[in-house]
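In listed order, ligands and their atoms are each counted from 1. As the structure is a prediction and not an experimental result, all values here were calculated from the model. All values below come from the heavy atoms of this structure, side chains included, with hydrogens, waters and symmetry mates left out.
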Amino acid sequence: MSYAALQFRSPRASTDYVAAKCMILMEKRIARDGLDHILDAVDGQYLVVAGGEMAKVRTTSHKGPNPGGARRSNPRVVVVGGGVMGSALAYWLTRLEPSVGVTVVERDSSYEHASSALSAASIRQQFSTAVNIRISQASIAFLRQAADELAVDDERPDIQLREHGYLYLAGAEGAAQLRQAHAMQIACAADVALMDRAALENRFGWLNTSDLSLGSLGLRGEGWFDGYALLTAFARKARRQGARYANAEVCGLTVDANRVTEVILSDGAHIGCTHVVNAAGPWARRIAAMAGVELPVFARRRTVYVISCPAAMTSFPLIIDPTGFWIRPEGAKFIAGFSPADDGDDQPLQPDYDEFERWLWPALAHRIPAFEEARLERAWAGYFEMNTFDHNAILGPHESLDNLLFMNGFSGHGMQQAPVVGRAIAELILHGRFDALDVSDLLFARIAQNRPLHEAMVIG
Ligand SMILES: Cc1cc2nc3c(=O)[nH]c(=O)nc-3n(C[C@H](O)[C@H](O)[C@H](O)COP(=O)(O)OP(=O)(O)OC[C@H]3O[C@@H](n4cnc5c(N)ncnc54)[C@H](O)[C@@H]3O)c2cc1C
């Protein structure tokens, strides 16, 4: 059966009906282990067309690109980069197939510049495409169970998950787009509510709503966590399950016809492999170039500002302002950021303090007048691994190479996708298809076919 043939909808299914049915299914299955209960709940037998786009039905018979050819009995996988992506993959590979050989090559075990260690590590259901919404639904299910899933002996990692929601705000121009994305979220059974200006004023008395028309608040499944704790928990568990971490730098790949046969390290060592996975984050383009592949992923600096504010403000979610800044609580303080106008590649990882005074502080004080009294405490900078083609993940093999797989280009939403993407790439390697969640909308092939995935809710 073709994949397209698996798309269908119930003509009688209203958005509300489908959402309600999916919620019941989710509640029933919430006690089950791993990702599957949420995935089962959201695929259902019903589909709703929202915003002119059709969500897809997950199917365990979905055929992926089968990298590396037919299933191999003893895969030997080399993962380049041991950040949250590489470590999530190593975890899933060794969990799904304990006999698999996995070597994660990481050049900096302190993760000083890794995005995973510098991330704001927030998760939202509020995307505009079904694939991104479903990834987040599955991810939040995993994060809630991370202490059990990733425990090593009696050491249970605490990733400090806080589900305090995202609040997207829109003025008159942005309201239609927010409504359109909301329809898709509801179709996918995300728990998100639209709020008019009066409702915003009522719930968030500290917000200046004078130029707002609409807000969209995530009621469940959104918030933030400790990204570094998640990374180290994945890595520790992957090691316990048999993955090997090598502290070395990858400086070359040996390509023979349409396969990568070896990974070459800077100390001259060569590692033979059946599969290589590029999990090099903002440096992924360089790894791709070693195999002659052009990858549209660029390192774009983002500054995170740590701010204190003397005023007490209750029920503070992660706010996305129409001007583009985001802000959320972090302990007793706040962290905030935005996409700079001058967005060059590979800028040194020094925070841009000038932009706080010049742009962010006035914008913050406009939206939340109490922030006139705010103080900048400190700041740090990390790289978004920006996919300039369409700002979404680039997954799976490149058409010219069977066994080189990519998990790159997350453009600011990679931390929250790691638990699910790690599993998806592991399934591709082990089974040649996506089993738990069909993420084929994110395959590398879309670039060659010039089919960008339009995601309206990118926080660039
Ligand atoms: C400031 C900031 C805020 C963010 N906020 C969020 C958020 O709120 N929510 C969200 O979901 N995402 C967020 N992100 C994005 C998210 O953090 C990233 O998408 C994610 O961490 C990417 O993980 P990674 O493992 O691919 O990359 P990284 O964590 O960068 O890991 C890549 C690793 O590869 C290694 N490496 C590179 N080249 C080589 C080589 N040649 N040899 C050996 N090792 C190599 C590096 O040392 C590095 O450790 C944010 C990112 C930043 C910077």
Side-chain angles (χ1 to χ4, degrees), residues 78-90 103-124 127 132 135-136 139-140 143 166 222-228 230-232 234-235 245-253 263-267 276-290 297 299-305 318 320 326-328 330 335-339 349 351 379-387 391-395 406-422 425 458-460:
V78 177
V79 183
V80 185
V84 74
M85 285 299 159
S87 294
L89 172 62
T103 303
V104 180
V105 184
E106 171 53 60
R107 65 183 174 195
D108 176 16
S109 53
S110 76
Y111 295 106
E112 187 184 352
H113 301 298
S115 303
S116 305
L118 300 166
S119 180
S122 310
I123 177 165
R124 60 192 158 109
F127 288 94
N132 282 329
I135 288 175
S136 285
S139 253
I140 193 77
L143 294 178
Y166 269 60
E222 296 193 328
W224 46 89
F225 55 97
D226 182 338
Y228 184 69
L230 181 66
L231 151 63
T232 49
F234 271 132
Y245 275 65
N247 187 199
E249 176 150 15
V250 170
C251 66
L253 301 173
V263 174
I264 305 167
L265 307 185
S266 52
D267 62 6
V276 179
V277 182
N278 184 348
W283 303 277
R285 193 159 42 96
R286 293 181 205 163
I287 305 299
M290 291 173 192
V297 173
R300 298 278 169 84
R301 182 179 66 191
R302 293 291 177 270
T303 301
V304 179
Y305 302 93
L318 191 154
I320 310 285
W326 59 268
I327 183 166
R328 72 158 169 86
E330 176 65 42
I335 58 173
F338 63 97
S339 315
L349 280 185
W380 76 82
Y383 291 126
F384 271 16
E385 67 283 22
M386 196 65 88
N387 160 9
H391 300 91
N392 279 301
I394 300 172
L395 304 182
F406 295 80
M407 45 194 319
N408 305 119
F410 296 89
S411 308
H413 49 273
M415 179 58 76
Q416 64 200 281
Q417 297 197 330
V420 176
V421 167
I425 300 296
V458 167
I459 304 170

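In this structure, the side chain of S136 engages the main chain of R124 through a donor-acceptor pair within 3.5 Å.
Nearest heavy atoms, S119 versus M415: OG-CB, 3.9 Å. When all heavy atoms are compared, the tightest approach of F410 to L395 is CZ-CD2, 4.0 Å. Contact between Y305 and A379 at its shortest, heavy atoms only, is CD2-CB, 4.0 Å.
Counting only N and O atoms by type, the side chains of T232 and Y111 include no donor and acceptor under 3.5 Å apart.
For ligand 1, the protein residues placed under 4.0 Å by at least one non-hydrogen atom are G81, G83, V84, M85, V105, E106, R107, Y111, A114, S115, S116, L118, S119, A120, A121, S122, A248, E249, V250, A279, A280, G281, P282, W283, I287, V304, G382, Y383, F384, E385, F410, G412, H413, G414, M415, Q416.
The side chain to side chain contact (heavy atoms under 4.5 Å, CB included) test with I459 is passed by exactly one of F338, Y166, F384: Y166.
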